[in-house]
*Asks:* 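Sharing a structure with you now.
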Amino acid sequence: MSFSSLALDKALTDAVNALGYQQPTPIQQQAIPAILANKDIMAGAQTGTGKTAAFALPILQRLSEHIPSARPIRALVLTPTRELAQQVYKSFLRYAENTDLNIAVAYGGVSIKPQIAAIVKGADVLIATPGRLLDHIINGSVLLIDLETIVFDEADRMLDMGFKDEIDRILNRLPPKRQTLLFSATFDDAIFKLSKTLLSDPELIEVSERNTAASQVEQIVYTVDSDRKRELTSYLIGSKNWQQVLIFTRTKQGADALAKEMSKDGIKTQAIHGDKSQGARDKALAEFKAGKTRALVATDVAARGIDIHDLRYVINYELPYVAEDYIHRIGRTGRAGNDGLAISLMSPSEAWLLEAVEKVLDTRLMQQWLPGYEPDLSKTERPARKNTLGRQKRQGRQQAFGDKSNAKARKSRRR
Ligand code: AMP
């Protein structure tokens, strides 16, 4: 199947051809006709499947059919993180290159003024994180009364990050008659509940089994004592000569400490997490993408939305407290048909976290010992305490964001 057989305008097919896309991915093949037909959709699509073009192309096509002179915002894409907002914004700019449409982006952590300037100039499409969007709504720079289409991108993560209240407040400002598109990598009861209130007779689109990891990603679990994980990480990267490796830790302190130690091992490494300024995060990411840094250590929240087309290696330095995060983590590799390798370093005390991951994946992952790094079974590591899932999620998020718990700090981190 070709892009032109999807009834897309030449302006759009030219743009995707220029990007080297040969044919639509499965999610694009299914979602584009449904969105062009003005249907609501609920799509289960992992990262790396081409989901951004799956909603961007038909939205751009419909908006460019008639461009009103007042230029109100007619399409809104909500994303959970700043990084994903930037990523989606860049994709929209590329896809819209041959159209007359204006695209704007709004996220926190940076000055609001240039965003206001871009929006008041007349943005047909706005990509935004929920917190900053509410700031714009409150100060009057964003009006959504003419909205035709709203996209919830990575809806599972949005709920996971506690954006339900913001979403409800935004929904109150939208016209009741609109098209709603919901994309989520994983599905749970909260997503189904949200979809019931949001969607009207939606088309369900699933490109691979629910809650499964990208199939072209090979997954390996090494059992290793926690105090030898850093050594093993440097050994793997060095001995196998991996040049671009994304590493996940659960905490921002852990990310900083690991980046420091690995740099001492001679592997140029930087860390990104929620306590770093937006500028520092952008710079670290750009240097990693450009191959100037060999390893990037990230917390789950900071890594969300990172799109490096040919990233091959992901290391889970620690298994996540929220099992679904495992899918998001390994989805950073194996993107758009490339091969990927995801290695998890599991200390004996983390066995219960692996069980939770296996439950979500509905498959068992083979555990291996790497010669020279076998766990010392005479040492008994105290198992991490089993909490209720809600507590685990809160704990995981809190650690990823840091320990500040006052409402103001929480609010500013989420914008
Ligand atoms: P996404 O799932 O939207 O984050 O896209 C993942 C990556 O796949 C991005 O780097 C896109 O540029 C790329 N991509 C999207 N659609 C296609 C396609 N039809 N053919 C090749 N690459 C694609």
Side-chain angles (χ1 to χ4, degrees), residues 1-9 11-33 35-36 41 43-61 75 77-98 103 105 125 127 151-158 181-186 205-208 210 212-217 244 246 285-286 288-290 298 303-312 314 327-340 342:
M1 184 188 264
S2 66
F3 275 102
S4 41
S5 65
L6 286 173
L8 288 171
D9 289 344
L12 298 169
T13 52
D14 282 352
V16 293
N17 286 338
L19 290 168
Y21 299 0
Q22 316 254 313
Q23 56 179 45
T25 63
I27 180 82
Q28 291 162 3
Q29 290 177 24
Q30 293 181 59
I32 290 173
I35 299 172
L36 286 175
I41 67 166
Q46 303 155 20
T47 55
T49 52
K51 66 185 167 61
T52 314
F55 60 78
L57 294 172
I59 286 177
L60 291 170
Q61 167 127 342
V77 182
L78 280 181
T79 71
T81 64
R82 302 160 187 177
E83 280 80 6
L84 185 60
Q86 284 176 326
Q87 200 77 57
V88 172
Y89 172 61
K90 283 184 198 152
S91 298
F92 261 91
L93 287 181
R94 286 191 211 119
Y95 302 142
E97 190 162 339
N98 307 322
I103 321 291
V105 65
V125 181
I127 294 114
V151 183
F152 290 84
D153 195 9
E154 306 202 345
D156 49 348
R157 179 53 57 110
M158 235 168 324
L181 314 174
L182 188 140
F183 287 77
S184 190
T186 58
I205 297 176
E206 278 194 80
V207 290
S208 58
R210 229 176 248 171
T212 54
S215 57
Q216 63 274 45
V217 179
Q244 200 178 41
L246 182 61
L285 191 56
F288 182 60
K289 276 189 178 179
R304 198 74 176 146
I306 291 180
D307 177 23
I308 299 163
H309 192 257
D310 44 11
L311 180 72
R312 286 283 154 91
V314 166
I327 294 173
H328 294 297
R329 287 179 176 193
I330 78 166
R332 304 290 116 209
T333 179
R335 291 168 89 77
N338 288 326
D339 290 334

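Both counts, for ligands and for their atoms, begin at 1 and track the order of listing.
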*Asks:* Would Y21 count as a polar contact of ligand 1, with the cut-off being nitrogen or oxygen pairs under 3.5 Å?
*Replies:*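 So ligand 1 has an N or O lying under 3.5 Å from an N or O of Y21.
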*Asks:* Does any non-hydrogen side-chain atom of D156 lie less than 4.5 Å from one of E154?
*Replies:*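 With C-beta onward as the side chain, the pair touches.
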*Asks:* Side chain, backbone, both or neither: which part of F3 has a heavy atom under 4.0 Å from ligand 1?
*Replies:*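 Side chain only; the backbone of F3 stays clear of ligand 1.
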*Asks:* Ignoring hydrogens, just give me the one of A185, S91, G50 whose non-hydrogen atom is nearest atom 2 (O) of ligand 1.
*Replies:*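 Minimum heavy-atom distance to atom 2 (O) of ligand 1 goes to G50.
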*Asks:* Determine yes or no for a side-chain-to-main-chain donor-acceptor pair under 3.5 angstrom, with Q28 supplying the side chain and G50 the backbone.
*Replies:*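 Yes, because the side chain of Q28 sits within donor-acceptor range (under 3.5 Å) of the backbone of G50.
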*Asks:* Would you call T49 and P26 a side-chain contact if the rule is heavy atoms closer than 4.5 Å?
*Replies:*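 Answer no - side chains too far apart.
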*Asks:* Would you mind listing which atoms of ligand 1 come within a distance below 4.0 Å of any non-hydrogen atom of T52?
*Replies:*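 The list of qualifying atoms is 1 (P), 3 (O), 4 (O).
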*Asks:* Does the residue Q87 have a heavy-atom contact with ligand 1, meaning some pair of atoms that are separated by less than 4.0 Å?
*Replies:*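 So Q87 does not count as touching ligand 1.
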*Asks:* Does any N or O atom in Q28 lie less than 3.5 angstrom from one in ligand 1, N or O only?
*Replies:*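 Checking ligand 1 against Q28, an N or O pair does fall under 3.5 Å apart.
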*Asks:* Tell me if the aromatic rings of F183 and F55 count as close, with their centers under 6.0 Å from one another.
*Replies:*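 Between F55 and F183, which both carry aromatic rings, the centre distance is below 6.0 Å.
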*Asks:* Is there side-chain contact between N98 and L12, with at least one heavy-atom pair below 4.5 Å?
*Replies:*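 No, their side chains stay 4.5 Å or more apart.
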*Asks:* Answer whether the closest heavy-atom distance between the side chains of N17 and L19 falls below 4.5 Å.
*Replies:*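 A side-chain contact under 4.5 Å is absent here.
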*Asks:* For ligand 1, is there an N or O atom under 3.5 Å from any N or O atom of R94?
*Replies:*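 The answer is no, given that R94 and ligand 1 share no N or O pair closer than 3.5 Å.
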*Asks:* Within ligand 1, which atoms have a heavy atom of Q23 less than 4.0 Å away?
*Replies:*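 So the answer, numbered in order with elements, is 18 (C), 19 (N), 20 (N).
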